[in-house]
Number of protein chains: 2
Amino acid sequence: MNQSVDMSNESTAAVPQRRNRKAEAAPDLGAGVAAAGVDIEQHIYQTVFDSVLNQRLTPGTKLPEPALCELFNVSRAVIRKVLQRLEHERIVELRPNKGAVIAAPTPEETRQIFEARRALEVSIVELATRRHKPEDLEELRHLLDHEHGVTHNPYQPAWAACAREFHLKIATVAGNPILINYLTELMTRCSLIVALYQPIGNAACEHAEHRRIVDYMAKGDVASARAEMGKHLRSLEDNICLDRKASVQTLAQMLNIG
Amino acid sequence: MNQSVDMSNESTAAVPQRRNRKAEAAPDLGAGVAAAGVDIEQHIYQTVFDSVLNQRLTPGTKLPEPALCELFNVSRAVIRKVLQRLEHERIVELRPNKGAVIAAPTPEETRQIFEARRALEVSIVELATRRHKPEDLEELRHLLDHEHGVTHNPYQPAWAACAREFHLKIATVAGNPILINYLTELMTRCSLIVALYQPIGNAACEHAEHRRIVDYMAKGDVASARAEMGKHLRSLEDNICLDRKASVQTLAQMLNIG
DNA sequence: TTGATATAAATCGTCAACGATTTTGATGTT
DNA sequence: AACATCAAAATCGTTGACGATTTATATCAA
């Protein structure tokens with residue numbers, strides 16, 4: 001068999017999975033039944049999303065609609081809606097009549113994604129350098145300290161989460177929700193790339209680059225901040241070996257054999 | 001009544017609107033019935049999209065599902081899918097239990113959109129300047145000539161289409177599909193902004209700026225090309241008067257009275 | 001006439017079921 | 001044993017219908 005869908009949710013512990021008619025007895029505080037629909041939908045989306053970030057859902061994994069229906073106790077219409085959203089964000093690929101799978105970026109797409117990240121983040125760090133407030137720098141340095149603690153953590157997703165948070169914080173400082181959205185999408189696809197091609201990332205090195213970026217931001221040195229961000233993203237891309245991939249369907253075949 | 005949905009499609013002349021069961025008699029060449037689903041879906045999407053660009057669908061216009069069902073002879077599931085896609089691209093807003101309307105960017109969103117465009121297009125024009133081939137410059141100058149012809153056309157959407165094509169061509173020369181997608185989304189939202197706030201755009205002035213951008217690209221002057229693109233986008237934004245808006249629901253109310 | 005209230009219409013969200021397609025597994029032949 | 005053919009299971013695409021919510025209309029009192 002192919003890879004199956006597991007997704008033991010951890011972060012958002014356990015939204016009560018009542019979905020049988022109205023609210024059972026409780027006086028239905030606040031939002032009521034209408035919001036429940038969008039809530040369960042958001043919950044499913046978030047669960048898949050987090051699973052991708054944590055590399056529990058790896059590229060090529062099939063997501064059959066009936067399985068998801070049982071997992072979340074919802075009808076297929078709801079699952080379908082979530083899958084379409086995930087497809088639009090390039091997290092899953094919807095193959096007509098053949099089901100949904102977690103997207104597997106090709107080498108060409110990988111180049112495009114990193115190039116787009118450079119184009120965006122260089123502008124983002126410029127905005128952030130111009131706009132940052134004292135408390136922003138404080139929080140960035142706090143994130144750097146936290147990073148330092150995870151630098152030697154062998155669990156890759158832990159470091160990836162740190163790095164993600166760092167880049168996202170800079171985008172937040174830049175203050176443009178649209179750019180934040182675009183960057184979020186690109187970073188999520190990067191986690192797919194990492195899961196696929198397993199780069200031998202040097203966390204300590206990346207951490208040092210992060211620190212330099214913040215230093216330039218603090219100095220208000222826009223040009224250097226831009227340049228450093230560009231270099232950082234290039235080195236990230238250089239760490240990826242498009243040759244030896246962690247196998248997509250190949251792994252599935254291996255599981256068939258082993 | 002509120003504004004109703006009309007959408008007389010012009011560009012994609014008239015896809016045969018058969019949708020009754022299978023294909024009637026013709027031997028169903030090529031794609032068959034499976035592709036017909038995605039085709040009609042794409043057709044509906046494209047029709048709405050084009051109508052927004054041509055300002056036949058203006059911000060605030062309601063898009064009731066039953067009306068669209070009759071117009072395109074499809075079930076609600078299909079148009080629901082299209083509406084969700086349009087929502088993700090920020091072209092329509094889906095208000096729970098209250099139906100879909102063409103999105104109406106707020107002044108704040110307008111600022112964000114133009115800022116995002118500057119961030120993106122400055123990087124895009126840099127890539128395009130580095131990568132353009134002789135035939136790219138040729139086509140760009142051809143577009144400029146065509147622009148010149150429409151400069152004095154009082155019909156605003158005609159000029160808007162030209163300008164859009166120009167910016168899109170530069171993105172194509174840059175060669176990154178992801179950036180093309182993002183820019184396309186932002187430009188579409190800009191057409192909503194134009195419909196809403198009706199800027200007193202000076203087409204001749206914009207045309208001159210376009211020409212300067214191409215000149216810098218031809219020289220390979222990256223810095224100047226970036227700067228000129230930034231200036232151009234700023235002047236576009238400056239032409240928009242966020243005060244006097246072309247009314248959203250206000251116009252609907254006026255129609256109720258008149 | 002104006003305003004509030006109640007009824008009716010329109011619209012949306014959700015679901016279960018049917019048909020079509022794909023994939024899996026079995027059978028038989030070379 | 002390997003391959004092709006065929007049947008069965010799983011999965012997806014689409015539809016129509018039901019209940020819930022919102023909006024429009026009509027009625028009545030002040």
Side-chain angles (χ1 to χ4, degrees), chain A residues 1-5 17-23 28 30-44 60-87 92-101 249 252-253 255-256, chain B residues 1-5 18-23 28 31-42 44 60-87 92-101 249 252-253 255-257:
Chain A
M1 283 296 168
N2 260 338
Q3 299 162 275
S4 66
V5 46
Q17 286 190 355
R18 53 169 153 86
R19 187 66 192 154
N20 315 340
R21 296 303 156 203
K22 292 229 177 178
D28 212 34
V33 67
V38 62
D39 270 358
I40 186 66
E41 197 179 305
Q42 179 65 22
H43 168 63
I44 298 174
T61 305
K62 287 172 59 173
L63 301 176
E65 294 177 8
L68 293 173
C69 288
E70 283 200 20
L71 275 174
F72 295 101
N73 279 88
V74 293
S75 75
R76 276 179 56 211
V78 176
I79 295 296
R80 236 133 191 297
K81 206 149 72 170
V82 173
L83 286 178
Q84 201 197 331
R85 179 174 167 197
L86 288 166
E87 182 201 27
V92 313
E93 183 184 357
L94 284 179
R95 304 163 304 176
N97 273 317
K98 293 174 73 178
V101 297
Q249 296 119 332
Q253 293 165 358
L255 288 179
N256 273 336
Chain B
M1 282 296 170
N2 259 340
Q3 298 161 276
S4 67
V5 46
R18 53 168 152 88
R19 185 63 191 157
N20 316 342
R21 297 301 157 206
K22 289 232 178 177
D28 210 35
V33 68
V38 62
D39 270 359
I40 185 66
E41 196 179 307
Q42 180 64 23
I44 299 173
T61 306
K62 286 172 59 172
L63 301 175
E65 295 176 9
L68 294 172
C69 288
E70 283 200 21
L71 276 174
F72 294 101
N73 279 85
V74 294
S75 75
R76 275 180 56 211
V78 175
I79 66 117
R80 227 136 196 296
K81 207 148 74 170
V82 174
L83 286 178
Q84 201 197 329
R85 179 175 169 196
L86 289 165
E87 183 202 26
V92 314
E93 182 183 357
L94 283 178
R95 304 162 304 175
N97 274 317
K98 293 173 75 178
V101 296
Q249 295 121 330
Q253 293 164 358
L255 288 179
N256 272 337
I257 298 170

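All figures in this text were calculated on a predicted structure; none of them were measured in a lab. Quick note on labels: first sequence line is chain A, next is B, and so on, each numbered from 1. When reading the values below, keep in mind they use all heavy atoms of this one structure, side chains included, and skip hydrogens, waters and symmetry mates.
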Measure across Leu94(B) and Gln84(B) and return the closest heavy-atom pair with its distance rounded to 0.1 Å. CD1-CA, 4.1 Å
Considering residues at least two apart in sequence or located in another chain, which fulfil the salt bridge (Lys or Arg N to Asp or Glu O under 4.0 Å) criterion with Glu93(B)? none
Shortest non-hydrogen contact from Ser75(A) toward Cys69(A): C-SG, 3.8 Å
Counting only side-chain N and O atoms of Lys81(B), is one of them less than 4.0 Å from OP1 or OP2 of dT14(D)? yes
Lys62(A) NZ to dA10(D) P, in whole Å, measures 12 Å
Would you compute the distance between atom CD of Gln42(A) and atom CZ of Arg85(A) and round it to the nearest 0.5 angstrom? 5.0 Å
Among dC15(C), dC12(D), dT15(D), which nucleotide has an atom closest to any side-chain atom of Ala77(A)? dC15(C)
List for me each residue that meets salt bridge (Lys or Arg N to Asp or Glu O under 4.0 Å) alongside Glu87(B), sequence neighbours excluded, and say none if there are none. none
Rounded to whole Å, please give me the gap between CD in Glu65(A) and P in dC15(C). 14 Å
In terms of the nearest nucleotide of DNA chain C, which residue is placed more toward the 5' end: Lys98(B) or Arg76(A)? Lys98(B)
Between CD1 on residue Ile79(B) and CD1 on residue Ile40(B), distance to nearest 0.5 Å: 12.0 Å
Using whole Å, report how far CD1 of Ile40(A) lies from P of dT14(C). 11 Å
Euclidean distance, atom CG of residue Asn97(B) to atom C1' of dT11(C) [Å, nearest integer]: 9 Å
N/O contacts under 3.5 Å, protein versus nucleotides 6-9 of chain C?
none

Atom CD of Gln84(B) and atom C1' of dC12(C): how far apart are they, to the nearest Å? 14 Å
Residue pair Ile44(A), Leu68(A): steps toward the side chain to side chain contact (heavy atoms under 4.5 Å, CB included) verdict: CA-CA 9 Å; Ile44(A) 298 174; Leu68(A) 293 173; 5.8 Å; no
Among dT14(C), dT11(D), dC12(C), the one nearest any side-chain atom of Ser75(A) is dT14(C)
How long is the line joining CG of Leu94(B) and P of dT22(D), in whole Å? 16 Å
Calculate the interatomic distance between Arg95(B) atom CZ and dT21(D) atom C1'; express it in whole Å. 13 Å
Whole-Å distance separating the CG atom of Asn73(A) from the P atom of dC15(C): 10 Å
Could you please name the option among dC12(C), dC12(D), dC15(C) that lies closest to any side-chain atom of Val78(A)? dC15(C)
